[in-house]
Amino acid sequence: MKLGANVSVAKTGLLRAVDESISYDADTYMIYTRSNRGGPARPIEDFHRDEALPLMENHHLADPVVHLSYLVNLASPKEDTFGYGINILTEEIRRVEYLGFRYIVMHPGSHVGQGIDMGIKRIAEGLNQILSGNEELFLCLETMAGDGSKVGNRLEEIAEIISLVQHKDKLGVCIDTCHNYSAGYDIVNDLDGFFQVFDDLVGLDRLKVAHINDSKTPFSSHKDRHANIGRGSLGLAALRRVVRHPVLADKPLILETPGGLYGPEIALLRGLTDEIPEERTSKSATAAD
Ligand code: ZN
Ligand code: FE
Ligand code: FE
């Protein structure tokens, strides 16, 4: 299994991400290349790509993932929000191609009241404006928890977006255990059933990345509240079955859990220990979505 976490790129860029990943004994990692609070992006040339790549090789860190800024909402009915999303995502594709990474994970979007069907059409319209077919990466739509007006809670919605995009060979999907369970997919009691439905609707060849999170809220709660591994409604046994499932064998599996427990949580998922680490209560530690 290829396990990693959402790591920092503060100051030294990829060198920081790699250092942090090594400290967790990780096999992969995920970063955000720009702040979710907006503002101009840090130049990607400042991420120390050329120094980081040999380090990654030496430490068996492979298939890194970039998560797109939350501020992008291609489902928005507002022209300025939609246009901002087009610009940021277009720029992000160039940035990630510069790094040589193969995966961008993005939230499909929020329809903000106009309805799921309009949201789906809008997202596809945006992706059709952005994708040329020459991209050297996969844009992976993340499955959502079913909260608010988000698009992509149901696999049917993900499939519909893909069907409307011209260069669909550039599209992938990122599942998220917390989101899927909250959206009403019972991956605790019927994981094989979930992958079967995924294959029927989307196709397992589209599945590129998985986010591995426990959930603070119950099954089908339609809430997006990540919990530490073994401390939520999914539980350790179910999450171990996910990370050991053959469908995910060679895929980057990324933790986005609260509070800086990534190292112990990765060891726990690998089965190197059965001890569930103590939660940290510090408010400063916030989970990525
Ligand atoms: Zn989430
Ligand atoms: Fe996400
Ligand atoms: Fe996620």
Side-chain angles (χ1 to χ4, degrees), residues 2-9 26 28-37 63-75 85 88-89 92 96 101 103-110 123 137-155 157-158 161 171-185 187 194 198 202 206-229 231-234 238-239 242-243 248 251-259 261-262 265-266 269 285-289:
K2 200 176 279 174
L3 279 165
N6 173 39
V7 296
S8 170
V9 290
T28 185
Y29 62 86
M30 184 173 81
I31 59 169
Y32 290 76
T33 81
R34 57 196 304 151
S35 166
N36 280 313
R37 290 183 298 276
D63 291 330
V65 177
V66 170
H67 198 305
L68 184 67
S69 162
Y70 297 151
L71 300 177
V72 171
N73 181 14
L74 294 181
I88 297 292
L89 180 48
E92 194 67 2
V96 175
F101 295 1
Y103 305 111
I104 296 177
V105 168
M106 66 177 286
H107 296 183
S110 295
I123 293 162
L137 48 73
F138 292 103
L139 205 48
C140 302
L141 301 167
E142 182 172 353
T143 52
M144 296 284 104
D147 52 324
S149 67
K150 301 242 169 71
V151 180
N153 317 310
R154 307 297 306 168
L155 293 171
E157 298 163 27
I158 300 283
I161 296 167
L171 295 181
V173 176
C174 170
I175 58 171
D176 182 311
T177 52
C178 167
H179 300 179
N180 301 140
Y181 197 57
S182 287
Y185 291 103
I187 57 175
F194 172 71
F198 190 103
V202 178
R206 295 254 183 231
L207 180 52
K208 305 294 183 194
V209 181
H211 289 166
I212 309 297
N213 303 305
D214 215 325
S215 174
K216 287 186 175 164
T217 58
F219 173 65
S220 206
S221 59
H222 303 285
K223 294 220 167 60
D224 183 5
R225 303 265 282 120
H226 300 187
N228 287 112
I229 304 298
R231 295 213 173 261
S233 57
L234 283 97
L239 290 170
V242 172
V243 299
L248 295 174
K251 311 285 192 305
L253 310 176
I254 307 290
L255 280 78
E256 305 170 297
T257 52
L261 296 176
Y262 290 143
E265 289 180 311
I266 285 173
L269 285 169
T286 53
D289 187 276

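One-based numbering along the sequence shown. Counting starts at 1 for both ligands and their atoms, in listed order.
The distance from atom CG of L207 to atom CD1 of I175, rounded to the nearest 0.5 Å, is 5.0 Å. Here L171 contributes atom CG and C140 contributes atom SG; the two are 8.5 Å apart, rounded to the nearest 0.5 Å.
The closest approach of E256 to the Fe ion (ligand 3), by N/O/S atoms, is made by OE1. The minimum distance between the Fe ion (ligand 3) and any N, O or S atom of D176 involves atom OD2. If you look at E142 and ask which of its N, O or S atoms sits nearest the Fe ion (ligand 2), the answer is OE1.
Between the side chain of D176 and the main chain of T143, no donor-acceptor pair closer than 3.5 Å is present.
Atom CZ of R154 has more than 12 neighbouring heavy atoms from other residues, nucleotides or ligands inside a 6.0 Å radius.
Aromatic rings of H211 and H226 (six-membered ring for Trp) have centroids beyond the 6.0 Å cut-off, not under it.
Centred on the Zn ion (ligand 1), the angle running from D224 (OD2) to H226 (NE2) is recorded as 140°, rounding to 10°. Rounding to the nearest 10°, we obtain 90° for the angle at the Fe ion (ligand 2) between H67 NE2 and H107 NE2.
Counted by atom type alone, N6 and E256 present zero donor-acceptor pairs between their side chains at under 3.5 Å.
The Fe ion (ligand 3) has H211 among its coordinating residues (N/O/S atom, backbone or side chain, under 2.8 Å). Residue C178 does not count as close to the Zn ion (ligand 1), with no N, O or S atom under 2.8 Å.
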